[in-house]
Protein chains: 2
Amino acid sequence: MLMSVDTDLMRALGDPLRLRIVTLLARETLCTTHLIAETGARQTNLSNHLRVLREAGVVETEPCGRFTYYRLRPEALAGLAEGFGELAELARATRADDRKRACP
Amino acid sequence: MLMSVDTDLMRALGDPLRLRIVTLLARETLCTTHLIAETGARQTNLSNHLRVLREAGVVETEPCGRFTYYRLRPEALAGLAEGFGELAELARATRADDRKRACP
DNA sequence: GACTGACATCAGCATGGGCTGATATTGTCA
DNA sequence: TGACAATATCAGCCCATGCTGATGTCAGTC
């Protein structure tokens, strides 16, 4: 089964701060206040990045009083891992067989 | 062992045309002329994208007369797959244990 | 050597998107 | 209800980057 990699998901994860957020959330569910403390980013900036991650399906929110917890959605990352794993496997086979299209 | 995901590599792959190039190259080693025909992009544009992919370590080149073959480097994609696989695994465990930092 | 074709590089333009300050919204507590 | 704290939204600035036309470079062919 071939999974294609989602460009929007890649774009969402192709930013240093967002990738930092994701690695933090992989270990612990956190709310914005924690993320501000951990990353040193401004609240507005962080809120924007979290919106991007939310819209890309990378994270989901859980309100807790006046706080908002952010939690990773493992399926999104697992899907990426699978997609790139299949591409890597294909590329390995292509290279092993030296499969190349002839010069025109 | 924990692999961190390379932001530059992600940025390189977070573009629709570049991702298209990568999926094409996974199946077949091609030269620029083929990629122009497959994608419909201009030569200059394609050349720029290929430079980004080359500098990110995603592809490598093999000159063949006046043509230049582009070949994927499976290690790059495999590393990404592994990194995201580990992050997904971590996230699953975090979610399963409901591991969250207390509201401050 | 002149020419052609494949590819890279350069300069310029235009859009996207990241960062910020200001403001709105929502929930909690006194 | 009034005050405050946590978060989202908005408008604007600015830089990174994608696209393009023009040009440079190198290899093969006549």
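This structure is a prediction, so every number in the text was calculated from the model and none was measured.
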Check for me, please, whether B:Leu13 and B:Leu24 land in the same ILVMFWY cluster - side-chain distances under 4.5 Å, paths through other members count. yes

Say whether B:Leu77 and B:Leu17 are linked into one hydrophobic cluster, either directly or through other cluster members, by side-chain heavy-atom distances under 4.5 angstrom.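 Shared cluster, yes.
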
When we call it a touch if two heavy atoms are under 4.0 Å apart, what does [X] touch: a base, just sugar-phosphate, or nothing?
X	answer
B:Thr33	sugar-phosphate
A:Thr68	sugar-phosphate
A:Thr32	sugar-phosphate
A:Tyr69	nothing

Rounded distance in Å - [atom1] ([X]) to [atom2] ([N]):
X	N	atom1	atom2	result
B:Arg51	D:dA16	CZ	C1'	13 Å
B:Asn48	D:dG21	CG	P	13 Å
A:Phe67	C:dT25	CZ	P	21 Å

Short side-chain N/O contact to [N] OP1/OP2 from [X], under 4.0 Å:
X	N	answer
A:Arg11	C:dG17	yes
A:Arg54	D:dA8	yes
B:Arg66	C:dC7	no

Is the shortest heavy-atom distance from the side chain of A:Arg51 to the side chain of A:Arg54 under 4.5 Å? yes

Consider the side chain of B:Ser47, meaning its heavy atoms from C-beta on, and name the nucleotide among D:dG18, C:dT20, C:dA8 that approaches it most closely.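 The nucleotide sitting nearest to the side chain is C:dA8.
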
Compare the minimum distances between each of D:dG18, C:dT9, D:dA8 and the side chain of B:Thr44, then state the nucleotide with the smallest one.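 Looking only at side-chain atoms, B:Thr44 lies closest to C:dT9.
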
So, for B:Arg99 and B:Asp97, which heavy atoms are closest and what is the spacing to 0.1 Å?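 B:Arg99 and B:Asp97 have their closest heavy atoms at NH2-OD2, 3.0 Å.
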
Using five base pairs at each end to define the local axes, how bent is the helix from C:dG1-D:dC30 to C:dA30-D:dT1, to the nearest 10°?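 If I round to tens, the end axes sit 20° apart.
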
State the NE2-CZ distance between B:His49 and B:Arg20, to the nearest 0.5 angstrom.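 Between B:His49 NE2 and B:Arg20 CZ, I get 12.5 Å after rounding to 0.5 Å.
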
For A:Gln43 and B:Val52, find the nucleotide of DNA chain D closest to each by heavy atoms; which residue's nucleotide sits nearer the 5' end? A:Gln43

For A:Glu75, what residues pass the salt bridge (charged side-chain N to carboxylate O under 4.0 Å, His left out) criterion, not counting sequence neighbours? A:Arg73

